[in-house]
Amino acid sequence: MKYSNLNVLEINEISRIVKEKQPSLFKQICIFIGQLFYYTFIVHFKYKSLPVNYKGLLFFGVSLNNRRSLEPIINNIEKDTYLYLNNHITDVHKRRAWWHSIPYLSTLIKLYKKSDKEDKALILKYFTRLLTTYGLYEIAGEMLDKYKVKVLVLANDHNDINRCLIFNALEKGIKTVYVQHASVKRGFPRLDFTYSFLDGKESLEKYLYDGKPKGEVYLSGGVRFDFLYDKIVKRNYDIKKIGVAINMLDNFDKVKKLCLFLKNNNYHDLILRPHPRYQHLNTEWLIKNNIAISNPKEESSFDFISKIDFMISNESAIHLDASIMYCPTVLYNMSDTSVLDDYNFVKNYLVKLANTEDELLKFIKNPIEVMPTKETLQYYNASSNSHLEGKLGSTIAHFLELLCQEKENQFDREYGFINVSDFLHEIKD
């Protein structure tokens, strides 16, 4: 089957709002060739296939954060009724995706020539990612066919392989369920799922910027927060241990400057937590300065937050995790760009912004000032302080079991989820 008419820009729509700097076109091509060799001759032997004897409920998650969001649901479903797949199985073998994409090189070049100025810049910036989308789309369709999927559950709505699965599922009439795994920004793709379970009204308002959802949307609250209730610690706001969470935007020199500032003000007990994809971490400097490191691949954000009395981070979804755990948290810029408040955490009073070191120090000494109200927390996490708090995994698992049996109409709406149609009229354009 040919995919010459595949809209790779629509599949990679999230690229329009990503701020990360990308390699030059020449370097992208070199990386592509290197990855082609790596996936063909090295990783090929590490992939595995899975049995297909199950009842059609397929979970798919490529990242650690995705898996952590799906686990509370999976743990409440009988083992022989579902499969959990990631990008380390034969069916999403990147060797095949890379090789199958090469014949579409001329197709992508033609798309570039007929595109407007904005899309041309986007194609050059993400040339090899867009090219490999053709191959990913093909193997995503093959995977859905092989496993005879009835219901596809995803915790990511914008990454390339997930988008390929979503579009294929729409074509094949497969029911799709989205479980939000993190806070979203304005500009995320439209919700093209049969059913979507969102954190709260705040998330829905951002998704609506890209159009009305295709399927049903429920404001369930964040299922990923089910784990945190055993980790919430009683806080007396005596700030001794400070956590610094950094992401790809942050300049490590500015991170070091912040750490030294805190130490000079007698806050010596520091824990630094990098984003899983942060590549500029200077562990030697951290060890030399007695700064602990929270490894995001081994420790969840909730475990990290449970150990600290106060958190500092740039624009990041981890602020919501901290707020849900009643940990004082402040947004402080450690990057070379200005703060845009993409998550609207500052605008909606979830988080305070410290523009200077003196402001930051003032907040640390008065942590109660930065704590959000109960109403603000529910705006972000609908299940907060409700009867569903900590029970979303089992509730959504029950819904999925009915969905596989085509009995979703029996799902008890009295569980407390808010259907999007109940309050769409309240949200202004």
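Inter-residue side-chain proximity for L360 and L258 is flagged as met; some heavy-atom pair is nearer than 4.5 Å. Looking only at side-chain heavy atoms (C-beta outward), V223 and T395 stay at 4.5 Å or farther from each other. The side-chain heavy atoms of N65 and N156, taken from C-beta on, include no pair separated by under 4.5 Å. Counting heavy atoms from C-beta on, the side chains of I318 and I305 come closer than 4.5 Å. Looking only at side-chain heavy atoms (C-beta outward), V217 and L198 come within less than 4.5 Å of each other. When side chains are defined from C-beta on, P23 counts as touching I31, because their heavy atoms get closer than 4.5 Å. Taking the side chain as every heavy atom from C-beta outward, F252 and L286 approach each other to under 4.5 Å. Looking at heavy atoms from C-beta onward, W98 lies out of side-chain contact with L131 at the 4.5 angstrom threshold.
Of the possible donor and acceptor atoms, none in the side chain of T128 sits under 3.5 Å from a partner among the backbone N and O of I29. One N or O on the side chain of N168 and one on the backbone of Y137 form a donor-acceptor pair closer than 3.5 Å. The main-chain N or O of D342 is found under 3.5 Å from a side-chain atom of E315 such that the two form a donor-acceptor pair. At least one donor-acceptor pair under 3.5 Å links the side chain of Q28 to the backbone N or O of K125. Remark: the backbone N or O of H181 is paired with a side-chain donor or acceptor of R224 at under 3.5 angstrom. At distances below 3.5 Å, not a single donor-acceptor pair connects side-chain atoms of D309 with backbone N or O atoms of I239. Checking side-chain atoms of T194 against main-chain N and O of T176 turns up a donor-acceptor pair under 3.5 Å. Side chain of N348 to main chain of N344: a donor-acceptor pair is present (N/O by atom type, distance under 3.5 Å, no hydrogens or angles).
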Between R68 and S300, is the side chain to side chain contact (heavy atoms under 4.5 Å, CB included) condition met? List the steps. CA-CA 8 Å; R68 284 173 176 162; S300 73; 3.7 Å; yes
Y84 vs E71, test: side-chain hydrogen bond (donor to acceptor under 3.5 Å, both in side chains). Steps then yes/no. CA-CA 10 Å; Y84 177 81; E71 279 177 6; over 6 Å; no
One pair to check against side chain to side chain contact (heavy atoms under 4.5 Å, CB included): L392 and I73. What are the steps and the verdict? CA-CA 8 Å; L392 294 176; I73 304 171; over 6 Å; no
What's the verdict on side chain to side chain contact (heavy atoms under 4.5 Å, CB included) for L130 and L111, showing C-alpha distance, side-chain angles and the deciding distance? CA-CA 11 Å; L130 294 172; L111 177 62; over 6 Å; no
Take C327 and I308, measure what side chain to side chain contact (heavy atoms under 4.5 Å, CB included) needs, and give me the verdict at the end. CA-CA 8 Å; C327 176; I308 61 178; 4.1 Å; yes
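Between H319 and N314, the closest heavy-atom pair is NE2-O, 2.9 Å. Shortest non-hydrogen contact noted between T329 and S323 is CG2-OG, 3.8 Å. Among all heavy-atom pairs drawn from F304 and G243, the shortest one is CZ-CA, 3.7 Å. When all heavy atoms of C404 and L57 are compared, the pair lying nearest together is SG-CB, 3.6 Å. Residues P274 and I293 approach most closely at CD-CG2, 4.4 Å, considering heavy atoms. Scanning all heavy atoms of the two residues, the minimum distance from V255 to M334 falls at CG2-SD, 4.0 Å.
Taking a cutoff of 4.0 Å between a charged side-chain nitrogen and a carboxylate oxygen, E78 and K55 do not qualify as a salt bridge. Ion pairing between a basic and an acidic side chain is recognised when a charged N comes within 4.0 Å of a carboxylate O; E118 and R16 show such pairing.
In summary, of the residues considered (S316, S313, S183, S301), a side-chain hydrogen bond (donor to acceptor under 3.5 Å, both in side chains) with D321 occurs for S301 alone.
Cation-pi contact between K120 and Y112: present, with separation from the ring centre below 6.0 Å and deviation from the ring axis of at most 45°.
For the residue pair T133/N12, the side-chain donor-acceptor check at 3.5 Å is satisfied.
The side-chain hydrogen bond (donor to acceptor under 3.5 Å, both in side chains) test applied to D157 returns Y207, not counting sequence neighbours.
Taking CG of L208 as the start and CG of L204 as the end, the distance is 4.0 Å to the nearest 0.5 Å. Atom OG in S203 sits 8.5 Å away from atom CG in L219 (nearest 0.5 Å). Atom CG of N251 is separated from atom OG1 of T337 by 10.0 Å, given to the nearest 0.5 angstrom. From K254, atom NZ reaches atom CG of L249 across 11.5 Å, with rounding to the nearest 0.5 Å. With rounding to the nearest 0.5 Å, the separation of OG in S384 from CG in D199 is 11.5 Å. Atom OH of residue Y178 and atom CZ of residue F193 lie 6.5 Å apart, to the nearest 0.5 angstrom.
With a 6.0 Å radius and a threshold of 12 heavy atoms from other residues, nucleotides or ligands, E359 has its CD atom above the threshold. Heavy atoms from other residues, nucleotides or ligands lying under 6.0 Å from NZ of K172 number more than 12. Within a 6.0 Å sphere centred on NZ of K257, heavy atoms belonging to other residues, nucleotides or ligands number 12 at most. Few gaps surround NZ on K206; more than 12 heavy atoms of other groups in view lie less than 6.0 Å from it. No more than 12 heavy atoms of other residues, nucleotides or ligands shown are found within 6.0 angstrom of CZ on R186. Taking a 6.0 Å sphere around NZ of K263, one finds it holds more than 12 heavy atoms contributed by other residues, nucleotides or ligands.
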Please tabulate, for side-chain N and O atoms in residues 158-165, each donor-acceptor pair with protein atoms closer than 3.5 Å (sequence neighbours left out).
residue	atom	partner	partner atom	Å
N159	OD1	I161	N	3.1
N159	OD1	N162	N	3.2
N159	OD1	N162	ND2	3.0
R163	NE	I11	O	3.1
R163	NH2	E10	O	2.8

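Aromatic pair F399/F197: ring centres closer than 6.0 Å. Ring centroid separation for the pair Y82 and F59 comes in under the 6.0 Å cut-off.
Pairs engaging residues 330-371 under the ring pair (Phe, Tyr, Trp, His ring centres under 6.0 Å) rule: Y343-F345, F345-Y380 [sequence neighbours left out].
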